[in-house]
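First up is the structure itself, then whatever we jot down about it.
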Amino acid sequence: MGIQIRNLTKRFGDTAVIENMNLDIAPGEMVALLGPSGCGKSTTLFAVSGIHRVDDGQILISSRDVTHAPPQQRNVGVTFQSYALYPHMTVEQNIGFPLKVRGETAAEVRRKVAEIAELVRIDDLLQRKPAALSGGQQQRVSLARAIVRRPDVLLMDEPLANLDANLRIEMRTEIRRIQQESGITAILVTHDQVEAMSMCDRIALMQHGRVVQVDTAVQMYNNPTHAFVAGFLGNPPISFLDGALDTQRFVHESAQVALALDAMPDGGRRKVRVGLRPEHVELKSAGANHAIVSFIEHQGREILYDLKLSSGDVVRTIQSAKGDLKLGEAVRWHVAPEHVLVFDEKGDRLHVA
Ligand SMILES: Nc1ncnc2c1ncn2[C@@H]1O[C@H](COP(=O)(O)OP(=O)(O)OP(=O)(O)O)[C@@H](O)[C@H]1O
């Protein structure tokens, strides 16, 4: 009951929006398509649902080749950021509509709607019209309608985009619960890393129509295969410094960091970029590197400091709110070798492990 995307290419005119994309989603798994605006997330979802014709490659749902099948033959449930509920129908009629179209009996429709309404926790709202529902309730109805036919896969395009901050958090948990309880294979399109990390089993991070890395959130955060991944995940974001390798050290115009052995490519001096996560940048009176505090942001439990190097580069550090550094203060900093991420000039991760 999984999804396989094999060598998928989708062009609009001469422009390839998806290029040779591969992605395997296991039965019952929920995968996020994450990436910046325009990277091809929605186009991928439309290709899987059958709304878009593809130019090359294959799409398999539950081991069935659906590449050229029309949407209604793919058995997919879809929900978008605009819930697209029928305003003149009650919640019960909205959810039951796909079953009615399929010709199921009134009694069957009522039974299935009741069952799904209980799963998505809207059983007390069945007689209301969409206008009398909150955004979160409308999203639940939309989800219920998408899964009432028991589709093989659930496709969600930014389902939380129209909700306020608190409702988003609540619905993150709810969508995950509903997906797990129903055991449905799901794809979630989002540009929000927190949504992707908190809701999904794995993340496929996309850039310019390609999947750069597919991994669990933890693995992707700790072990990015590319500088783009390291830069995209993490808030506050990672800092990058460009410099060169010199026998087990990274040397920058105004900083030096020792590297773990497994971060070292085979010998020779070469240009590299290192990534330093804010939580790994320690302030130490004996730290090897000098900097000036150039920006302070109080975040409640923690404080974010920008440390400006003499080269003008900035390294971020996050410290407990007990700290009392002043703007313009001179500090020394340090990063333990095992935390330094090293990338080559093209952005590919360098390590032998
Ligand atoms: N019907 C279309 N005709 C031409 N170009 C299109 C069409 N639909 C999408 N594109 C282009 O394809 C690229 C990918 O679009 P897509 O909507 O898949 O991106 P996305 O990652 O979902 O972005 P967002 O997060 O902004 O929704 C964009 O450059 C977009 O302009």
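Nothing fancy with the numbering, it's 1 onward along the sequence. Worth knowing before you read on, the calculation uses all heavy atoms, side chains too, and leaves out hydrogens, waters and symmetry mates. Counting starts at 1 for both ligands and their atoms, following the listed order.
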Check: What pairs with S254 under side-chain hydrogen bond (donor to acceptor under 3.5 Å, both in side chains), at least two apart in sequence or on another chain?
Finding: S311
Item checked: side chain to side chain donor-acceptor pair (under 3.5 Å) assessment of R172 paired with S198 -> CA-CA 8 Å; R172 278 203 314 242; S198 62; 3.2 Å; yes
Next item on the list: Decide, yes or no, whether a salt bridge links R121 with E174 under the criterion of side-chain N to carboxylate O below 4.0 Å.
Entry: yes
Next item on the list: Name all pairs fulfilling the salt bridge (Lys or Arg N to Asp or Glu O under 4.0 Å) condition that reach into residues 283-292, sequence neighbours left out, sorted by first residue then second.
Entry: E282-K284
Check: Name the residues in contact with ligand 1, where contact means a heavy atom under 4.0 Å away: which are they?
Finding: F12, V17, P36, S37, G38, C39, G40, K41, S42, T43
Next item on the list: Give me the one residue out of I175, I187, L143 that meets side chain to side chain contact (heavy atoms under 4.5 Å, CB included) with L154.
Entry: L143
Checklist line | Partner set under side-chain hydrogen bond (donor to acceptor under 3.5 Å, both in side chains) for T225, not counting sequence neighbours | finding: Q213
